[in-house]
Each structure stands twice: as structure tokens, then as C-alpha cells.
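This report refers to the structure that appears directly beneath it.
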Amino acid sequence: MSEIKITLPDGTIKTVPKGTDAYSIAKSISEGLARVIIAAKVNGKVVELNRPITEDSTLSLLKWEDKEGKSTFWHSSAHLFAEALESLYPGVKFGIGPSIDNGFYYDVDLDGKKLSVEDLNTIEKKMQELAKKENQFNRKEVSKAEALEYFTQKGDPYKLELINELTDGDITFYSQGDFTDLCKGPHIPHTGFIKAIKLLNIAGAYWRGDEKNKQLTRVYGITFPKKSELDEYLLMLEEAKKRDHRVLGKDLEIFAFDDDVGPGLPLWLPKGAAIIEKLEEFAKKTEKEAGYMRVKSPHIAKESMYLKSGHLPYYKDSMFPPMELDGINYYLKAMNCPHHHKIFAATPKSYRDLPVRYAEYGTCYRYEQTGELFGLMRVRSLQMNDAHIYCTKAQFEQEFKAVNDLYVKYFKVFGIDKYVMRFSKHDPKKLGQKYIDAPEMWKETEDMVRKVLQSANIPYIEVEDEAAFYGPKIDIQIWSAIGREFTLATNQVDFAQAERFDLYFINEKSEKERPLILHRAPLSTHERFIGFLLEHYAGKFPLWMSPEQVILLPISEKYQEYSEKVLNILKKHDIRALIDDRSEKTGKKIRDAELKKLPLMLIIGEKEQGDNTVTVRKQGGEDLGAMTVEAFINYVNAEIAQQLN
RNA sequence: GCCGUUGUAGCUCAGGGGUAGAGCACUUCCUUGGUAAGGAAGAGGUCAAGGGUUCAAAUCCCUUCAAUGGCUCCA
């Protein structure tokens with residue numbers, strides 16, 4: 001029998017008979033290893049452990065801890081779910097059942113039967129029962145005809161549709177117990193590895209993600225090889241819920257919604273408004289230093305402007321319906337750019353004026369579908385950290401880079417490090433439809449964007465067919481506490497609207513020339529950004545933007561007067577402070593201040609009153625000891641200066 | 001917009017065809033206490049809204065509204 005060479009991740013080379021499987025190789029290394037591995041990666045491809053290896057290969061053995069180990073594990077769990085479901089509801093039809101970042105789902109058609117929470121418990125129990133049988137996952141290669149035959153017999157139209165799109169010779173079935181599924185694999189050795197099971201929720205999901213198709217029932221679940229890991233995961237979910245900006249926003253009195261005002265229309269309470277003011281102050285200062293000029297524009301405009309901008313035909317459904325005045329339709333603005341273009345056009349421009357940078361915290365209204373609304377993250381009224389930069393082609397790269405540098409600077413101030421820059425490109429096949437038909441401009445601007453990203457050494461991913469209709473863009477993707485993905489900020493190239501609005505400047509040769517436009521919103525909208533920050537800081541805003549910075553805690557009524565004196569001094573120094581003058585014990589006052597996430601507490605008793613000091617306790621418990629009021633003011637200012645640096 | 005779930009006090013939630021409940025928060029009083037909950041009393045609700053069934057509806061049914069988990073969408 002011929003032999004093959006297996007290269008392990010540490011570089012060791014093992015010589016084994018051709019056809020040996022990964023499990024045997026693991027066993028030859030150690031029994032312990034063989035027990036914990038659940039799949040193998042052969043020449044970069046994940047396969048099951050009992051697949052014979054037939055050529056010289058690299059091999060890594062995957063455990064639960066490995067990312068690919070987890071996805072294999074969860075994919076197998078989806079099959080276990082399907083097996084349980086089929087045994088409980090014979091005749092159920094199956095869509096797809098993949099693994100996801102946290103667990104798996106399976107889309108099923110129960111023919112009108114609705115699943116309840118109790119049903120999930122029953123299915124879970126069935127899964128437990130089936131898991132204990134330690135049924136093996138068996139792979140079988142089938143011809144297309146056989147595959148079609150099997151699912152025709154079974155009467156599953158979804159699987160038939162999938163099979164019809166596959167090439168003959170490349171189709172495999174996997175079976176465990178009495179259940180067989182169309183699947184390319186791989187799977188864990190047997191169901192017994194799945195020890196802890198939780199079905200999380202039920203949702204509707206369109207077949208193949210198309211809302212024209214039938215809506216199937218999607219069940220989400222997660223499994224673990226150990227019960228303790230499931231408990232840990234569930235605990236983590238609970239913790240994440242506490243950090244949800246909708247919960248914190250209510251607790252901390254940042255914002256509210258009201259039925260009479262309307263869905264997606266947040267009300268900013270005084271503390272929320274205070275945060276916004278500090279944020280704007282910071283943004284305006286930063287933008288001023290970066291050469292932006294502030295402009296202001298109305299909340300509505302005539303239909304003709306949105307026809308000109310090209311927005312209306314594409315985005316009418318996302319705008320509030322028009323109001324008619326004197327036979328003319330007016331729209332609430334959904335974006336600021338057309339107004340800014342009109343500001344650009346209002347005065348003649350020379351190349352000497354460029355780049356022109358117009359900034360406005362403009363309020364926009366978007367008619368988001370009801371199902372899309374999500375706390376502050378997805379709303380219908382929003383105020384954007386918007387600006388438009390008009391520049392020459394020669395200036396573009398530098399301007400684009402400056403905008404990117406601004407992002408990085410902001411993210412440093414806010415300590416935002418978990419994000420992905422997504423470079424969205426056009427799809428050449430959709431020129432003239434989804435995208436402006438200007439192939440050479442697309443190429444040119446996309447190359448420029450890539451060059452800036454590469455030279456700045458910024459990690460990014462490129463995605464096809466995600467650009468704006470007027471040019472490529474960079475989106476900064478972040479995740480909410482409960483794991484939902486959002487675009488936080490955006491930086492877009494626009495080579496179309498200058499033409500549409502007939503924007504030009506006079507170049508050195510006294511000719512009219514079109515500017516390039518950049519749309520940018522590094523601090524997103526107030527709504528989304530503060531929603532994000534609430535979660536990012538878990539409600540503990542840094543001192544500089546905290547709506548209430550200092551709380552004075554007199555130990556008893558006797559020190560009330562002195563406390564008020566201190567309060568007035570702090571207020572005069574622009575420090576946002578308040579007194580807790582309730583007749584409660586100090587411990588209680590501290591606890592309440594902690595729950596309200598107040599950054600600094602001043603404890604004031606006999607000692608402090610006697611020597612004109614305050615005793616400073618930071619949120620979380622750090623004791624900074626006693627200091628004079630003047631020293632405390634200096635401390636606050638130094639702290640803020642450092643945070644904004 | 002679609003599928004599912006939910007809607008009871010400011011908040012978190014229990015209850016459930018026959019006079020509406022708890023804890024926390026709030027108000028008042030007692031207490032004047034030094035680093036995460038001192039004590040007592042009180043006030044607070046058209047049980048989301050509208051309709052239906054019933055002697056009787058917060059409870060059962062229908063509709064609407066809103067929230068929520070997803071799907072679709074996201075300039």
C-alpha cells in the first residue's frame with residue numbers, strides 16, 4: 001500500500017498509509033486529543049474525521065474551541081434539530097439550516113402549524129434524547145437523479161429547488177439516525193458531542209430571503225459540548241441586555257418615545273440633550289480646525305430639487321409623503337446634500353476657493369418601515385454629523401485622506417476599536433441601473449479610495465455592489481450590545497451630483513470645471529451615535545460629555561449650606577453638578593449616584609466643612625481623598641482636557 | 001411591509017370572568033448617619049385603544065395602535 005505525507009501545523013511530518021483518516025492520525029498522537037476533536041482541516045478544507053486522506057496533505061485537527069470547529073458543531077446541531085422536528089412533526093419541509101456566528105437556525109415549512117414556546121421545549125427535549133443516541137453522521141455521495149428522486153418521494157419542494165441548482169457529481173447527503181438531509185457537510189462524528197441545547201427564538205423568514213416567496217418558520221438555537229458553557233452564554237445574553245441602549249436610555253433618562261409623537265421619533269430628555277450639546281461642541285470645534293464652514297438649511301424643499309438630485313425616483317418610498325402647498329409638492333428632507341449643493345451654487349467659485357467644506361448638523365426625516373425601527377439606532381427623525389466637501393480631482397486624495405484621519409481621531413477619543421471599515425464598490429453589470437453610468441469615473445475613484453486606505457494602513461474589507469448610486473463609499477460597521485450590525489459612519493465619493501446640479505468652479509484656464517464631492521458623517525447621527533455610545537460606555541459617559549458630572553453628598557443636613565456654597569462655585573466654573581439633599585445615609589446616596597452612573601461624588605461632612613475641602617470618590621469606588629475646591633476644579637479640567645486630547 | 005411574541009403603577013414584573021397586587025422609585029414623618037440599600041406611613045392604575053360575547057370583561061373573541069425577536073429594506 002502506498003504511503004502519503006501528512007504535515008501538521010507545527011511542521012511535523014507524519015508518514016501514513018494512503019486512505020488513513022484524520023481520527024486515526026489524532027489517535028496516534030494521543031487518545032486525549034482524539035476524544036476532543038470534532039473535525040479536521042485537510043489542505044485548508046474542513047472535512048469530517050473519518051474521511052480517508054488520499055494524498056500528501058496538511059492537516060489540522062479542529063476542536064470545539066476553533067472557529068471552524070464551532071461552525072461544524074452548530075451545523076450538525078441544525079441537523080439534530082431537523083431530526084427532532086421531523087420525528088415530532090412528520091411531513092415537515094425543510095429550507096436551509098446553516099450555522100451562524102452564535103449557533104444555528106433552520107428554516108422550516110410546517111404547513112400552517114405555528115410553533116409556540118412550549119413547542120420549543122418539546123423539541124429541545126427530543127433533541128436531547130436523540131443526541132444521547134450518539135448517532136453517527138454518515139456521508140453519502142449521490143447522483144443528481146438519486147437526490148431528486150429522494151426528495152420527490154419525501155415531497156420537499158425546497159430541497160428539490162436547491163438540488164436543481166447543483167451540478168451532478170457534486171451532491172452529498174448526510175444521515176444521522178432516521179434523518180437524511182441534502183448537505184455538503186462536514187459534520188461532527190456523532191450527535192453525542194452535543195450536550196447542551198437551547199432553542200432561542202422563532203421568527204418568520206422568506207424562502208431564499210426574497211419577500212415575494214413564501215415565509216417559512218425560522219428557529220434559532222445554540223448548542224454546546226458542556227452545560228456550563230450554555231449557562232455562561234445565557235448569562236452573557238442577560239448582561240448584554242442590560243447594556244442595551246434602549247434599557248440604559250430609559251434608566252438614565254436620556255431619551256423616550258411616546259405614542260402621541262410617533263414611532264421612530266425620539267424625544268431627547270434634558271440629559272440626552274446635554275450629551276448632544278457637548279458632542280456638537282466637540283464636533284464643531286474639530287471641524288472648524290479642519291477647515292469646515294458651518295451652513296444651515298431648511299427642513300423641507302420642493303419636489304423639483306429631489307428630482308434634480310436623482311434621489312426621488314430611487315428613494316421616494318423612504319421619504320415622508322409630500323405636503324402640497326399652492327399646487328407644489330414639498331418634501332421633508334431625507335438628506336442634506338441637495339441643500340448644500342445649492343449653497344455651493346449660491347456664490348461663484350474659483351479653483352482658489354477649493355476645497356470648500358460645508359458642515360451642518362442637519363435634521364432629516366426618513367420613512368423607515370415600521371419593522372425596521374430599533375431604539376435610537378434606526379429612527380425616522382435624525383440629526384446628521386453631515387458635511388460635504390467640494391474639491392478638484394487633484395485635491396481628492398488629500399481630502400479623502402483627511403476625512404479618514406478625522407475618523408481615526410474621533411474613534412480614538414471615544415475609544416472605539418471594534419469596527420470594520422467596509423469599502424463598498426459598484427457592480428459594473430448594474431451601470432445605468434443601480435449606478436450612474438460612468439465606468440471610468442468609477443474605476444478612477446475606487447482606485448483612489450483604495451490607495452488612501454492602503455497608504456493609511458487602515459484595515460478594511462472590499463465589498464461588491466454596495467456603493468451609493470453616485471459613487472463608492474466607506475462605511476464603518478459596528479455592532480450593538482445584542483449583536484446587531486449597523487453602519488455607524490460613512491464616507492462617500494460623489495461624482496454624479498455636481499453634474500446634476502450644474503455645480504462648477506472656474507479653473508486656472510478660466511474654464512468651468514466640475515468639482516468632486518465627498519459626503520461624510522464620521523459621528524453618524526446624534527441618534528445612532530449616542531445609542532452606540534450608551535452601549536459602548538455601558539451608560540458611563542466620560543466626564544467631558546456626562547450630562548451630570550459631579551454629585552455632592554452632604555453627610556447630614558448640617559453640611560447642606562457648605563455644600564451649596566461648593567455647588568455654586570462649581571457651577572460658576574461650568575461644571576455640571578448637583579446635590580443629593582435627601583435625608584438618607586451616605587451609603588445610600590453613593591449607591592444611588594453609582595446607579596445613575598455619576599462620574600464624580602463629593603463627600604462633604606464635618607472635616608470638609610472645617611478645612612474648606614471636598615472628598616472625592618470616583619464612580620466605581622476609587623477614593624481620591626480630600627482636596628480643596630480649587631484643586632478639584634483643576635482636577636476636573638485636567639481630566640476633561642486629557643479625554644479630549 | 002411580512003411572520004411570531006408582548007402590552008397591568010414612573011420602572012421590573014405577578015395575577016386573572018365577580019371591589020387591582022408586590023418590590024424598587026416617589027411624597028411626608030422619624031432618623032443626622034463617613035464610601036453601594038436606616039425605619040414608618042402615604043400617594044399612585046379607564047389593566048394600550050375601540051368593538052363584541054356575557055348578568056358581569058383587566059381576564060374570552062375581533063380590530064387598531066405600539067413595543068419586541070427575526071425576515072425584507074437601510075441614500
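All heavy atoms count here, side chains included; hydrogens, waters and symmetry mates do not. We name chains A, B, ... by the order of the sequence lines, and we start the count at 1 in each one.
- Backbone-only contact: F374(A) has heavy atoms under 4.0 Å from sugar-phosphate atoms and none from a base.
- Distance noted for atom C1' between A48(B) and G7(B): 6 Å (whole Å).
- Atom name C1', nucleotides U5(B) and C29(B): the rounded distance is 46 Å, in whole Å.
- The separation of G1(B) from A14(B), taken at their C1' atoms, amounts to 36 Å, rounded to a whole angstrom.
- Rounded to a whole angstrom, the distance from the P atom of U64(B) to that of U12(B) is 27 Å.
- At G33(B), none of the side-chain N or O atoms of Y559(A) fall inside 4.0 Å of OP1 or OP2 (strictly under the cut-off).
- Residue G587(A) is in sugar-phosphate contact alone, with no base atom involved, counting any heavy-atom pair closer than 4.0 Å across all strands shown.
- In summary, D156(A) and K93(A) do not engage in a salt bridge, as defined by a charged side-chain N under 4.0 Å from a carboxylate O.
- The residue F486(A) sits apart from the nucleic acid: no heavy atom pair falls under 4.0 Å.
- Side-chain N/O atoms of R582(A) include one lying less than 4.0 angstrom from OP1 or OP2 on C26(B).
- For K589(A) and R366(A), each mapped to the nucleotide of RNA chain B holding its nearest heavy atom, the one lying further toward the 5' end belongs to K589(A).
- In this structure, CD in E368(A) is found 12.0 Å from CG in D317(A), a value given to the nearest 0.5 Å.
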Can you give the dot-bracket line for RNA chain B, where a pair is Watson-Crick or G-U wobble with both atom distances under 3.5 Å, crossing pairs use [ ], and | marks a partner on another strand? (((((((..((((....[..)))).(((((.......))))).....(((((..]....))))))))))))....

Going 5' to 3' through nucleotides 1-6 of chain B, assign each nucleotide B (protein heavy atom under 4.0 Å from a base atom), S (under 4.0 Å only from sugar-phosphate atoms) or - (no protein heavy atom that close). BBBS--

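- One donor-acceptor pair, N or O on each side, does fall under 3.5 Å between the base of C73(B) and the side chain of R378(A).
- For the atom pair CG (N385(A)) and OG (S524(A)), the distance works out to 8.0 Å, reported to the nearest 0.5 Å.
- When only modelled atom types and interatomic distance are considered, Y435(A) and D465(A) share a side-chain donor-acceptor pair under 3.5 Å.
- Annotation for F104(A) and I222(A): closest pair CE2-N, 3.8 Å, computed over non-hydrogen atoms.
- Using a 30° and 60° split on the angle between ring planes, H526(A) and Y361(A) fall in the parallel class, below 30°.
- The only member of H388(A), E399(A), R520(A) that meets side chain to side chain contact (heavy atoms under 4.5 Å, CB included) when paired with R357(A) is E399(A).
- When side chains are defined from C-beta on, F632(A) counts as touching M627(A), because their heavy atoms get closer than 4.5 Å.
- Only the C1' atoms considered, A49(B) is 24 Å distant from G21(B), to the nearest whole Å.
- Using a 4.0 Å heavy-atom criterion, one finds that E485(A) contacts no nucleic acid atom at all.
- Using a 4.0 Å heavy-atom cutoff across all strands shown, Y470(A) reaches sugar-phosphate atoms only and no base atom.
- Put simply, the side chain of S583(A) and the base of U31(B) share a donor and an acceptor less than 3.5 Å apart.
- The side chain of K558(A) places no N or O atom within less than 4.0 Å of a non-bridging phosphate oxygen (OP1 or OP2) of G34(B).
- Contact between the side-chain N/O atoms of R246(A) and the OP1/OP2 oxygens of G69(B) is found at a separation under 4.0 Å.
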